Amino acid sequence: MRESSGDWDREPLWRAGAERARLIGGAVPDGPRGGLRNAPAPESEQEPGARVSQRALRPGRTPAGILVALLVSVAGWAVTAELISLMLGGRPRWGPLDRIGAIGARTWGDPLVGVLACLFVLGGVALVVHALTPGRPRLIPLRTRDPLLAVGLTRAGLRRALTEAVHAVDDVDAARVVVRPDRIEVLVRGTAGRTGELLPQVAAAVGDTLVRIGAEARREVVLRVQAGRG
Amino acid sequence: MRSHLGNRVGLALAGLVLLAAGGAALWLRDRHPAVPIVDPRAEMFLYAHPWVVPVAAVLCFLLALAATRWLVLAAGWGRRGVRCGPGVATLGVALQGITGISAVRVRLVGDRRLRVGITCDPRTDLGELLARLDRRTLSRVRMAAGVPDAEVLLRLHVRRRTSGSPFSRP
C-alpha cells in the first residue's frame with residue numbers, strides 16, 4: 001500500500017448530493033488514503049431538534065461501584081459486629097487494626113502511617129476523578145429527535161454495517177473496518193489501477209451510511225485503499 | 001435523559017471520605033508525630049461515656065445497610081426489568097417488512113423507562129429501521145406498555161451472519 005503525504009489526506013472526500021457528484025466527477029485527489037474530519041451533516045442541520053443521545057449512554061461506573069460498595073459494606077458490618085461485642089461486655093480488641101501490621105500501637109509519625117495516608121489521598125482522588133469524568137459510552141450514540149429516546153449502536157454493529165456498505169461498492173474485493181474511540185478506519189482492497197476512482201466511492205458509501213444512521217458526529221473517518229493484484 | 005447516577009454519587013462520597021481521612025492522617029503526622037494512633041485513654045473514655053458505643057453501633061449499622069443496598073443495586077437488582085409482550089408485538093408490527101431483523105426485545109424497567117433491543121443482519125437497512133422508529137411508533141409502544149411518558153433506551157446490534165427473520169417478507 002502506498003503511503004500518502006502532504007495535506008490532502010485531511011481533505012474531506014465526502015459531500016452530500018450535488019456537491020458529492022461534482023467532487024467525484026471533477027478532480028479527485030490522487031492517492032490511496034483519505035480523511036474525513038468533522039464530517040458535515042447536512043441532514044442533521046435540516047432537522048430541528050436533532051441531537052445525539054450521549055448523556056443517556058454514559059457508563060454508569062458499575063465495576064468500580066460494585067468494588068467500593070463491597071469494601072464499604074464488609075468494613076461496615078465488621079465494625080458493627082465489633083461494636084456490638086463491645087456492648088455485650090467484651091473488651092475493645094481492635095482486632096482488624098492489630099492484624100494490619102499492629103498499626104494501632106504505632107504513632108502518627110510512623111513511616112507506615114505516612115505511606116498509608118498518601119495511599120488514601122491518592123485513592124480518594126482517583127475515586128473522585130472516576131466519578132466526575134463522563135467516560136466513553138460502550139454504545140455509539142446515534143442522532144435522535146425525540147427527547148425521550150436514546151439510541152445506541154454496538155461497535156460491532158457499526159463495523160458490520162459499514163463493512164456491508166463498502167462491499168456494496170463496485171470493484172471492492174475486500175474491506176476491513178475498525179471502530180476506534182475517536183475515529184473509524186476503513187481499509188479497502190480493490191481492483192488494481194482503479195484506486196483513484198474507488199476512493200471517493202468508498203468515502204461516499206461510508207459517509208452516507210454514517211449520516212443515514214446518525215453516527216457521524218465527532219468522529220473522524222480514515223480511508224485506506226489498497227490496490228489488488230492483477 | 002441521563003444514565004444511572006447512583007454509582008457516581010457513591011464513588012464521589014467514598015473518594016471524599018478517603019481524601020479527608022488521608023489528609024487528617026497527614027496533618028496529625030505533621031502536628032503530633034509522637035502520639036499513638038490508638039490512645040490507651042480511649043478505653044477509659046468509653047467506660048466514662050457508655051452511650052458512645054451504642055450510638056456508634058447504630059451509625060455503623062446504618063452505614064453497612066446503605067452500603068449493602070448500594071452493592072445490590074450496583075449489581076443490577078431492579079434494572080433488568082420485566083418483559084413487555086405488548087410492546088414487542090407493537091414494535092414488531094411497526095418494523096414489519098424490513099429485511100433481516102432477527103430479534104426484538106422490550107423490557108419495562110421501573111415505571112418510567114423502557115429498554116428496547118433490536119438485533120438485525122448486516123443486510124438490514126439501518127437508516128430505514130431508524131426512520132420507522134419515529135415518535136408515532138414509539139408512542140404506540142409506550143401506550144402498549146402502559147407507560148405513556150416513558151423514556152426509551154434503544155440498543156441496536158448488527159449480528160454477524162444472516163438468518164431467517166420473523167419480520168421479513170420474501
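Source: prediction; values computed, not measured. Chain identifiers are assigned alphabetically (A, B, ...) following the order of the sequence lines, protein sequences preceding nucleic acid strands; residue numbering begins at 1 within each chain.
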Please rank [options] by heavy-atom pairs under 4.5 Å with chain B and give me the top one.
options                               : result
A:Thr163, A:Thr62, A:Leu158, A:Val129 : A:Thr62
A:Asp110, A:Val128, A:Leu71, A:Val151 : A:Val151
A:Val68, A:Val72, A:Ile66             : A:Ile66
A:His130, A:Arg155, A:Arg61           : A:Arg61
A:Leu67, A:Ile84, A:Leu70, A:Thr80    : A:Thr80
A:Gly76, A:Ser73, A:Ala126, A:Ala64   : A:Ser73

Looking at every heavy atom in both [X] and [Y], which two are closest together, and how far apart are they?
X        : Y        : answer
B:Arg29  : A:Gly109 : NH1-O, 3.1 Å
A:Ala131 : B:Leu11  : CB-CB, 3.9 Å
B:Ala21  : A:Phe120 : CB-CD2, 3.9 Å
B:Ala74  : A:Gly65  : CB-C, 4.4 Å
A:Ala156 : B:His157 : CB-CE1, 4.2 Å
B:Ala57  : A:Met87  : CB-SD, 3.9 Å

Drop me the distance from B:Arg160's CZ to A:Arg160's CZ, to the nearest 0.5 angstrom.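 Answer rounded to 0.5 Å: 5.0 Å.
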A:Trp77 side, atom CH2; B:Leu65 side, atom CG - distance, nearest 0.5 Å: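 If we round to the nearest 0.5 Å, A:Trp77:CH2 and B:Leu65:CG are 4.5 Å apart.
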Would the number of heavy atoms belonging to other residues, nucleotides or ligands and lying under 6.0 Å from CG of B:Asp111 be above 12?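 For B:Asp111, atom CG is not crowded (no more than 12 foreign heavy atoms under 6.0 Å).
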Is A:Leu139 close to chain B through its backbone or its side chain, or both, or neither, when contacts mean heavy atoms under 4.5 Å?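 Looking at A:Leu139, just its side chain touches chain B.
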For A:Val79 and B:Phe61, what are the C-alpha separation, side-chain angles and deciding distance, and is it a side chain to side chain contact (heavy atoms under 4.5 Å, CB included)? CA-CA 9 Å; A:Val79 174; B:Phe61 178 72; over 6 Å; no
Partner of B:Leu126 by side chain to side chain contact (heavy atoms under 4.5 Å, CB included), out of A:Thr209, A:Ile213, A:Leu142: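 Answer to the side chain to side chain contact (heavy atoms under 4.5 Å, CB included) test with B:Leu126 among A:Thr209, A:Ile213, A:Leu142: A:Ile213.
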B:Ala66 versus chain A, heavy atoms under 4.5 Å apart: side chain, backbone, both or neither?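 Neither part; nothing is under 4.5 Å.
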Measuring heavy-atom distances to chain A, does B:Ile118 have an atom under 4.5 Å in its side chain, in its backbone, in both, or in neither?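 Contact with chain A: none, neither part.
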Report the option among [options] that has the most heavy-atom pairs separated by less than 4.5 Å from atoms of chain A.
options                              : value
B:Ala25, B:Cys60, B:Ala34, B:Ala20   : B:Cys60
B:Leu138, B:Leu59, B:Val53, B:Leu129 : B:Val53
B:Leu13, B:Thr68, B:Leu16            : B:Thr68
B:Leu114, B:Leu154, B:Val9, B:Asp134 : B:Leu154

Does any N or O in the side chain of [X] come within less than 3.5 Å of the main-chain N or O of [Y], such that one atom is a donor and the other an acceptor?
X        : Y        : result
B:Arg8   : A:Gly60  : no
A:Arg212 : B:Asp125 : no
B:Arg155 : A:Gly152 : no

Kindly indicate whether the side chain of [X], heavy atoms from C-beta on, has any atom under 4.5 Å from the side chain of [Y].
X        : Y        : result
A:Leu148 : B:Arg142 : yes
A:Val125 : B:Leu19  : yes
B:Leu26  : A:Trp108 : no
A:Arg143 : B:Leu130 : no

